[in-house]
Structures are given as structure tokens and as C-alpha cells.
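Before any comments, here is the structure.
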Amino acid sequence: MSDKYNEKSIRLKYRNLTRVLIQKNLTVSTMESATSGQIASLITDTEGASAVIKGAFITYSNEAKIMNGVPADTIEKYSVYSKETAAAMAEACAFSYNADIGIGVTGTMGNADPANPESSVPGQVYFSIRYKGVTYAFFKEIPHQESRLMYKLAVADEVYDEIINIL
């Protein structure tokens with residue numbers, strides 16, 4: 001187990017992020033697979049979040065990603081676990097909700113995905129942030145976590161750090 005990620009500090013970071021978004025009058029949307037809505041949930045844990053969050057997609061399956069704007073050929077060419085798919089997710093949700101910021105997250109948490117075994121490597125996460133017409137894509141390796149919740153929070157922590165850098 002890694003001590004790098006602390007649930008309380010991650011929740012405080014997202015309280016800060018939501019306040020920053022409110023202060024800057026920026027809107028946000030997410031398309032989350034691996035984190036299954038955890039980032040949107042963290043953003044909305046702070047009062048006033050309705051001023052900034054436009055909506056979120058939980059797209060656990062490839063079909064859900066495609067239904068919500070991710071090109072099927074991106075998934076076919078690069079795999080569902082790729083920077084390219086994460087970028088398409090961030091772009092699709094920003095477009096769908098007309099949000100200033102789009103966040104896309106895909107990856108494998110504690111065990112390999114039986115639906116995508118050839119490209120599923122536990123702990124490997126891809127995420128992307130779309131902001132002001134520019135898409136930033138990232139790859140992170142998350143060390144083993146004690147629970148699914150801690151995997152989601154660990155990824156959220158990595159996303160937070162990059163959003164703050166971009167803003």
C-alpha cells in the first residue's frame with residue numbers, strides 16, 4: 001500500500017478546486033471510466049458547485065464512450081486505455097456540455113479488464129484535460145491501493161495536480 005494518497009487531503013484539494021473554478025467563473029464536465037464519477041463527486045462535495053459543474057458522463061463500457069462522442073476508430077486504433085482515448089473523452093464531454101474544462105479518465109485499477117485484456121494493465125491510468133481549446137493528455141502509474149475507492153481517489157489526486165498546473 002502506498003502512503004502517497006490521503007483521502008482527507010484529496011477532498012480538501014477538491015474543495016479548493018471547486019472554489020477556484022467558482023472564483024474564475026469556469027465550468028467543468030467529466031467523462032469518467034476508471035474513476036466512475038469520483039472526480040465529479042469530489043467537485044460537487046463543495047457548496048456552490050452547481051455554478052461550475054455542467055454535467056458528467058460515467059462511461060464504463062466502450063459502447064458508452066462511443067455513444068457520448070468518443071470516435072470508435074480512436075478506441076480501435078489506440079485502445080480504450082490510451083492518451084488518445086482520454087483526450088477524446090475530455091473533448092467530447094467539454095463539447096457536449098459546452099464547458100470550459102473537460103476531464104476524461106480511462107485506465108485499469110486493481111485487476112485486468114476481461115473485456116479488453118490485451119491493453120489492460122493494472123495501475124495504468126490515462127487522463128486528459130481540455131481547457132481553452134487545448135487538450136493535455138497524461139499517463140500515470142498508480143501504485144497498489146487497498147481499495148477501489150483509494151484507486152479512484154489516487155487518480156483524482158493526479159488529475160487535481162495537473163488541473164492546477166494548467167489553470
Side-chain angles (χ1 to χ4, degrees), residues 10 13-14 17-18 20-21 26-45 49 52-142 145 148-167:
I10 294 165
K13 287 178 179 182
Y14 271 86
L17 175 63
T18 301
V20 167
L21 295 174
L26 293 171
T27 57
V28 63
S29 64
T30 69
M31 185 179 292
E32 301 178 63
S33 182
T35 48
S36 62
Q38 185 67 58
I39 293 168
S41 178
L42 288 164
I43 291 168
T44 60
D45 282 348
V52 297
I53 191 144
K54 299 280 288 248
F57 296 111
I58 297 172
T59 56
Y60 227 58
S61 69
N62 292 356
E63 294 81 9
K65 290 172 188 68
I66 294 163
M67 281 175 36
N68 289 292
V70 175
D73 60 340
T74 298
I75 294 172
E76 288 168 22
K77 183 175 181 180
Y78 299 103
S79 100
V80 69
Y81 304 116
S82 65
K83 285 183 179 182
E84 293 83 2
T85 296
M89 292 168 72
E91 292 163 0
C93 70
F95 177 79
S96 291
Y97 286 110
N98 192 28
D100 299 310
I101 301 166
I103 300 168
V105 184
T106 185
T108 306
M109 298 302 196
N111 56 336
D113 175 3
N116 299 283
E118 68 288 338
S119 57
S120 174
V121 179
Q124 291 189 352
V125 178
Y126 303 86
F127 64 89
S128 186
I129 300 161
R130 173 88 172 167
Y131 178 61
K132 291 193 174 183
V134 179
T135 304
Y136 305 85
F138 305 91
F139 166 75
K140 302 285 179 174
E141 293 219 38
I142 305 298
Q145 300 297 308
R148 299 280 296 175
L149 175 61
M150 283 313 301
Y151 270 109
K152 293 175 193 179
L153 290 169
V155 174
D157 194 38
E158 298 291 345
V159 170
Y160 170 87
D161 289 344
E162 297 301 344
I163 289 175
I164 291 301
N165 288 338
I166 291 167
L167 294 179

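In this text, all values refer to a predicted model and were calculated from it rather than measured experimentally. One is the number of the first residue; the rest follow in order along the sequence.
Between Lys152 and Ala34 the shortest heavy-atom distance is CG-O, 4.0 Å. For Ser82 against Ser79, the heavy-atom pair with the smallest separation is OG-O, 3.0 Å. Closest approach of Ala90 and Ser128 over heavy atoms only: CB-O, 3.6 Å. Contact record, Ala49 with Thr44: CB-CA, 3.6 Å, taken as the closest heavy-atom pair. Listed here is the closest heavy atom pair of Met31 and Asn68: CE-O, 3.4 Å. Between Ala156 and Ile39, the shortest heavy-atom contact is CB-CG1, 3.9 Å.
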*Given Thr35 and Met109, is the side chain to side chain contact (heavy atoms under 4.5 Å, CB included) satisfied, shown in steps?*
CA-CA 9 Å; Thr35 48; Met109 298 302 196; 4.2 Å; yes

_Evaluation steps, side chain to side chain contact (heavy atoms under 4.5 Å, CB included), between Leu21 and Ile101_ = CA-CA 10 Å; Leu21 295 174; Ile101 301 166; 3.6 Å; yes

*Would you check, one step at a time, whether the test side chain to side chain contact (heavy atoms under 4.5 Å, CB included) holds for Ile129 with Phe138?*
CA-CA 9 Å; Ile129 300 161; Phe138 305 91; 4.1 Å; yes

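With hydrogens and angles ignored, the 3.5 Å screen pairs a side-chain donor or acceptor of Ser96 with a backbone N or O of Ala92. Counting only distance, with no hydrogens or angles, the side chain of Glu32 and the backbone of Gln38 share a donor-acceptor pair below 3.5 Å. Under the 3.5 Å distance criterion, the side-chain polar atoms of Thr18 are matched with a main-chain donor or acceptor of Ile43. With Thr106 contributing its side chain and Val80 its backbone, the two residues share a donor-acceptor pair below 3.5 Å.
Under a cut-off of 6.0 angstrom, the local environment of CZ in Phe95 is sparse, with at most 12 non-hydrogen atoms contributed by other residues, nucleotides or ligands.
Remark: aromatic rings of Tyr81 and Tyr126 are distant, center separation not under 6.0 Å.
Summarising the geometry, atom CG belonging to Leu153 is positioned 11.0 Å from atom CD1 belonging to Ile142; distances are rounded to the nearest 0.5 Å. For the atom pair Glu84 CD and Asp73 CG, the distance stands at 11.5 Å (nearest 0.5 Å). Summarising the geometry, atom CG belonging to Asn98 is positioned 12.0 Å from atom SG belonging to Cys93; distances are rounded to the nearest 0.5 Å. In this structure, the separation between CG on Asp157 and CE on Met150 is 8.5 Å, given to the nearest 0.5 Å. Expressed to the nearest 0.5 Å, how far CZ of Arg130 lies from CD1 of Ile166 amounts to 11.5 Å.
A donor-acceptor pair shorter than 3.5 Å cannot be found between the side chains of Lys65 and Thr85.
Using a 4.5 Å cut-off on side-chain heavy atoms (C-beta onward), Ile10 and Tyr160 make no contact. Proximity of Lys140 to Val155: side-chain heavy atoms (C-beta onward) are nowhere separated by under 4.5 Å. Counting heavy atoms from C-beta on, the side chains of Leu26 and Leu167 come closer than 4.5 Å. With contacts defined as side-chain heavy-atom distances shorter than 4.5 Å, the pair Thr27/Tyr97 does not qualify. By the 4.5 Å heavy-atom criterion applied to side chains, Met89 and Thr30 are not counted as neighbours. Annotation: side chain of Tyr136 is not in contact with side chain of Asn165 (no heavy-atom distance under 4.5 Å). Counting heavy atoms from C-beta on, the side chains of Ile163 and Tyr131 never come closer than 4.5 Å. The closest side-chain heavy-atom distance from Gln124 to Thr108 is not below 4.5 Å.
With salt bridges taken as basic N to acidic carboxylate O contacts below 4.0 Å, one links Asp161 and Lys13.
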